[in-house]
Enquirer: 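Dumping the structure here so I can ask a few things about it.
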Amino acid sequence: DYFHKGRRIEKHAWVYVPYGYEKGEMYPSVYFMHGAATDLDSFLWPAGQHFLFFHILNHMIENGDIPPLIMIFPTYYQGEYGPSNCTKETDLALASCFPDELRHELIPEVEKAYMDAAADYSLRNRTERKRRIFTGFSMGGVIAWNVFCDGLDLFSSFGMLSGDCWKK
């Protein structure tokens, strides 16, 4: 828990892998952050349309519109701070903490689990940076700005969708 500095918490993320996925291949990876008052499910499961976004990705890959990729849908919420009980100040504090969580917890776990468990991932390796993208919508765009400011060594591209920069 980077917000409370040391308390242990468990968090989850959705991970999309392409059809024909093989562990050990180095896929491009896109990290997509949800907006405020929503969660990691909101973008993926709108109005009961389960797996719709995954089908869109599958067809884009099949048609050659995008390369096979891994897409990660994390959340910045943690512990008792969730979509229904955060203030702007809490969202700002959690957004400020997320780049450290991303660097030290999420990227290593994703790459160990989905890329190559035997590889020694150096987060400062420019080759790895070139295949990572971070983007987010609304509050997720605010977090993308924080990741941009604190994680240029981690990602090669950023997308801030309807999110401004609150970074001080």
Side-chain angles (χ1 to χ4, degrees), residues 1-2 9-36 38-46 48-78 83 94-95 97-163:
D1 179 351
Y2 290 88
I9 59 171
E10 184 175 308
K11 291 180 72 173
H12 304 277
W14 285 108
V15 179
Y16 164 86
V17 295
Y19 178 79
Y21 159 79
E22 291 186 32
K23 187 171 180 170
E25 281 194 40
M26 299 308 292
Y27 293 92
S29 51
V30 178
Y31 291 74
F32 182 89
M33 182 60 71
H34 62 82
T38 64
D39 59 23
L40 59 141
D41 293 340
S42 300
F43 187 76
L44 299 173
W45 325 122
Q49 299 176 22
H50 295 284
F51 303 106
L52 178 63
F53 186 71
F54 292 157
H55 291 301
I56 293 169
L57 287 174
N58 287 338
H59 286 290
M60 290 177 72
I61 292 168
E62 181 181 22
N63 295 338
D65 298 326
I66 59 174
L69 54 82
I70 292 177
M71 199 158 179
I72 302 93
F73 299 87
T75 184
Y76 65 95
Y77 292 124
Q78 57 186 29
L94 293 171
C97 298
F98 187 77
D100 286 333
E101 178 183 332
L102 181 66
R103 175 184 301 277
H104 299 294
E105 311 296 334
L106 186 59
I107 292 173
E109 286 298 317
V110 165
E111 295 194 355
K112 184 173 86 174
Y114 293 95
M115 302 292 183
D116 183 358
D120 177 22
Y121 287 100
S122 167
L123 295 180
R124 298 197 181 271
N125 184 321
R126 294 189 74 69
T127 303
E128 303 305 316
R129 174 188 177 273
K130 288 180 185 175
R131 64 174 181 73
R132 289 192 206 110
I133 297 168
F134 193 95
T135 188
F137 173 73
S138 190
M139 188 62 195
V142 172
I143 291 170
W145 276 111
N146 283 347
V147 173
F148 174 80
C149 292
D150 295 337
L152 278 173
D153 60 322
L154 301 176
F155 295 91
S156 63
S157 298
F158 299 85
M160 294 70 166
L161 309 171
S162 297

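All residue numbers refer to positions in the sequence shown, counting from 1.
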Enquirer: Counting C-beta onward and ignoring hydrogens, is there a side-chain heavy-atom pair between V147 and Y31 closer than 4.5 Å?
Expert: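 No, too far: nothing below the 4.5 Å cut-off.
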Enquirer: In terms of ring plane angle, is the pair H55 and H59 parallel, tilted or perpendicular, where the classes change at 30° and 60°?
Expert: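 It falls in the tilted class, 30° to 60°.
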Enquirer: Between the side chain of R132 and the main-chain N/O of S156, is any donor-acceptor distance below 3.5 Å?
Expert: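 The answer is no, because no donor-acceptor pair under 3.5 Å joins these two groups.
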Enquirer: Parallel, tilted or perpendicular: which one describes the rings of F98 and F134, with boundaries at 30° and 60°?
Expert: tilted
Enquirer: Is there a donor-acceptor pair closer than 3.5 Å between any side-chain N or O of R129 and the backbone N or O of F155?
Expert: yes
Enquirer: Does the side chain of E25 come within less than 4.5 Å of P68's, by heavy atoms?
Expert: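 Heavy-atom side-chain distance check fails, nothing below 4.5 Å.
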Enquirer: How many angstroms lie between atom CE of M33 and atom CD1 of I72, to the nearest 0.5 angstrom?
Expert: 11.0 Å
Enquirer: Of the non-hydrogen atoms in Y76 and A36, which two are nearest, and what is the gap between them?
Expert: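 For Y76 and A36, the tightest heavy-atom pair comes out as OH-CA, 3.4 Å.
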Enquirer: How long is the span from the CZ atom in F54 to the CE atom in M71, to the nearest 0.5 Å?
Expert: 9.0 Å
Enquirer: For the side chain of Y27 and the backbone of E22, is there at least one donor-acceptor N/O pair under 3.5 Å apart?
Expert: yes
Enquirer: Search all heavy atoms of T75 against all heavy atoms of H34 and return the closest pair with its distance.
Expert: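 So the minimum-distance heavy-atom pair works out to OG1-NE2, 2.7 Å.
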Enquirer: Compare every heavy atom of G136 with every heavy atom of A144, then report the nearest pair and how far apart it is.
Expert: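 Scanning both residues, the minimum pair turns out to be CB-N, 4.2 Å.
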Enquirer: To the nearest 0.5 Å, what is the distance between CZ on F32 and CZ on F73?
Expert: 7.0 Å
Enquirer: Compare all side-chain heavy atoms of L57 with those of I66 and state whether any distance is below 4.5 angstrom.
Expert: yes
Enquirer: Between atom CG of N58 and atom CZ of F53, what is the distance when rounded to the nearest 0.5 Å?
Expert: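 Taking CG in N58 and CZ in F53, the distance rounds to 10.5 Å.
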Enquirer: With side-chain contact (heavy atoms from CB on, under 4.5 Å) as the test, would you mind laying out the steps for L102 and D150 before giving the verdict?
Expert: CA-CA 10 Å; L102 181 66; D150 295 337; over 6 Å; no
Enquirer: Please name the pair of heavy atoms, one in I61 and one in L69, separated by the smallest distance, quoted to 0.1 Å.
Expert: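 For I61 versus L69, the nearest heavy atoms are CD1-N, 4.1 Å.
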Enquirer: Would you please name every residue forming a side chain to side chain donor-acceptor pair (under 3.5 Å) with E105, sequence neighbours left out?
Expert: Y2
Enquirer: Got a donor-acceptor contact below 3.5 angstrom from the Y21 side chain to the Y114 backbone?
Expert: yes
Enquirer: Indicate the atoms forming the closest heavy-atom contact of A95 with M139, along with that distance.
Expert: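 Between these two residues, the closest heavy atoms are CB-CE, 3.7 Å.
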Enquirer: Kindly give the heavy-atom pair with the smallest separation between I70 and M115, and that separation in Å.
Expert: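 Closest heavy-atom pair between I70 and M115: CD1-CE, 3.8 Å.
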Enquirer: As an exercise, state the distance from CD1 of I133 to OG of S29, rounded to the nearest 0.5 Å.
Expert: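 That separation rounds to 8.0 Å.
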Enquirer: Answer yes or no: is there an ion pair linking R103 with D153, defined by an N-O contact shorter than 4.0 Å?
Expert: yes
Enquirer: To the closest 0.5 Å, what do you measure between CZ (R131) and CD (E111)?
Expert: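 Interatomic distance, R131 CZ to E111 CD, rounded to 0.5 Å: 4.0 Å.
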